Amino acid sequence: MSKALAREVDKRRTFGIISHPDAGKTTLTEKLLLYGGAIQMAGSVKSRKAARHATSDWMAMEQERGISVTSSVMKFEYKGHEVNLLDTPGHQDFSEDTYRVLTAVDSGLLVIDSAKGVEAQTLKLMDVCRLRNTPIVTFINKLDRDGLDPLDVMADIEEHLKIECAPLTWPIGMGQEFKGTWNIYKNELHLFSAVHEGKTQEGLVFNDVNDPRLEEYLGDYAAQLRDELELLEGAGNPFDKERYLNGEQTPVFFGSAINNFGVQEMLDAFVELAPVPKSRPTTTREVSPYETDFSGVVFKIQANMDKNHRDRIAFMRICSGKFTRGMKVKHHRVGKDIAIANATIFMAQDRTGVDEAYAGDIIGIHNHGTIKIGDTFTTKEELKFVGIPSFSPEHFRRVQLKDPMKRKQLQKGLEQLAEEGAVQLFRPISNSDYILGAVGILQFDVIVHRLKEEYNVNALYEPCMITTARWISSEDQKVLADFKDYYRSDLAIDAEGCLAYLAPNPWKLESAQERYPKIEFSTTREIR
Ligand code: G4P
């Protein structure tokens, strides 16, 4: 291991934001990029989102795609750290990609709207984080508005997300009466003032929360703050870095993203606490980020919707070694060497060619469909990274062909799109339907559009009576055969040849699980 390489790895922080739409992810991202100097002007990320959000028209969305690819990974430097922020698309863009991005990060930032507490999408995304015990920092947002009692928000997080909360800052009042935050580990008061465009003011340092000068700044809120801090000391959890790194405890910060209040405090702690790139498992061994030989794994493929650029971008997370422009790497599944001459690294505003990159960084590789999700690239040893799963879809549609003569093209198109990870394809055992499964319903529109554009197939989709899917396996072959017989009409084979049970409703799934305790019903499946 070279010292220079270790220095580069140790500088890196690769994370994603976990939130429900409208909690403030875009606003917070923008502030983070401002601190990182990646953008100069507030409003740039926001206007991008507004353009995308304002229209549900597919063609317009398509034009926006170019931009949303660019912003899939935002890299910036902050206080000597190289920070990679991976976008976890929400809203209409919500898809399996959103989940998979979380398999490529080393930590997460959970954003909660203080008036709403834990919401549905947050729960789902946290489930994915839990698969890998991803460390999570929490930012409770919108304290400038009346919200829930901070203790209740933390109780909500603890109960629903099953993670212990350790507040590192504490809010003083809220809404119109929001006075600021008390930094628990530094004994510092940060006064809120919307007039300053919220830029966090220099913290006033007190060695002791009982300092009578607090009254000067906070009036009656000083006494309330003391009471609450005492309560926290008695009943709360002290911050424990080890527990944070194990994904058991989350340090909590309070603030207001739109007012840029509490953001820098959180960012400072984040780069300090968040883990450096981790070792990653392969089918044969763990690969350390400090190993000198290069290795990387593809976790997302984004098709370019622009007709003039029919290529796809494979997003590769570097797992070890150093990447240099033009480097030759082995594409193991295909058994070919390729030279990565045109790798792209994603900055907030535009794409720039990469000259070098290290473990934790994400590079984009242009290709015409030869790369698929889960593919491993290395310079030497043959490896296959694991831990990039398929997630059980939540929406299902049956594909109908407008022109029956195009059946072959339809099959080819669907198989390739499924291989790329754009959608999941299921072929029922008992009929010749094509069933699509997706995590977000926008994926169906994308598929129909791409079938037309790329495969010249006119297809449409219609609802079908499936509500959930589970991948099926069992050590007991006899039980498996019996299960297959019994549920034949609900079984299907997915694009990688794996057996899946497509449940018409949750009760039928439950009864199948009760009837066959020796069968494993999985919500995720490792991509081969
Ligand atoms: P998202 O990406 O998680 O979906 O959330 P986004 O940042 O777009 O924020 C959602 C809404 O919440 C926006 O208002 C945004 O201005 C507002 N917001 C974000 N942070 C704060 C905060 O700290 N305090 C308050 N009071 N509001 C906040 P909008 O009305 O939907 O959009 P806009 O008209 O402001 O653009």
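Remember, it's a predicted structure, so these values are computed and weren't measured experimentally. Whatever order the structure lists them in is the order used to number ligands and atoms, beginning at 1.
If you check the side chains of Gln264 and Tyr78, you find a donor sitting under 3.5 Å from an acceptor. For Asn237 and Gln249, the side-chain atoms include no donor-acceptor pair closer than 3.5 Å. Checked by atom type, the side-chain pair Arg470/Thr468 shows a donor-acceptor distance below 3.5 Å.
Contacts between Thr29 and ligand 1 below 4.0 angstrom, taking non-hydrogen atoms only, are absent altogether. Proximity of Lys142 to ligand 1, defined as any heavy-atom pair under 4.0 Å, is shared by backbone and side chain alike. Heavy atoms of Ile258 found under 4.0 angstrom from ligand 1 belong to the backbone as well as the side chain.
The ligand atoms of ligand 1 that sit less than 4.0 angstrom from a heavy atom of Pro21 are 4 (O). For ligand 1, the atoms sitting less than 4.0 Å from at least one non-hydrogen atom of Asp22 are 1 (P), 3 (O), 4 (O), 5 (O), 10 (C), 12 (O), numbered in the order shown with element in parentheses. Residue contact check: Lys25 has heavy atoms under 4.0 Å from atoms 1 (P), 2 (O), 3 (O), 5 (O), 7 (O) of ligand 1. Close contacts between ligand 1 and Thr27 involve ligand atoms 6 (P), 7 (O), 9 (O), 15 (C), 19 (C) [criterion: under 4.0 Å to a heavy atom].
Here Asp494 pairs with Arg525 in a salt bridge; the nearest charged N to carboxylate O distance falls below 4.0 Å.
Of the listed options Gly255, Gly175, Ser256, Ser256 places a heavy atom closest to atom 23 (O) of ligand 1.
In this structure, the side chain to side chain donor-acceptor pair (under 3.5 Å) partners of Arg130, at least two apart in sequence or on a different chain, are Asp127. In this structure, the side chain to side chain donor-acceptor pair (under 3.5 Å) partners of Arg100, at least two apart in sequence or on a different chain, are Glu96.
Within 6.0 Å of the CD atom in Gln224, the count of heavy atoms belonging to other residues, nucleotides or ligands exceeds 12.
Taking only nitrogen or oxygen atoms, main chain and side chain alike, Asn259 does not reach within less than 3.5 Å of ligand 1. Residue Ala257 has at least one N or O atom closer than 3.5 Å to an N or O atom of ligand 1. Some N or O of Arg145 is nearer than 3.5 Å to an N or O of ligand 1, by distance alone.
In this structure, the separation between CD on Glu265 and OG1 on Thr181 is 4.5 Å, given to the nearest 0.5 Å.
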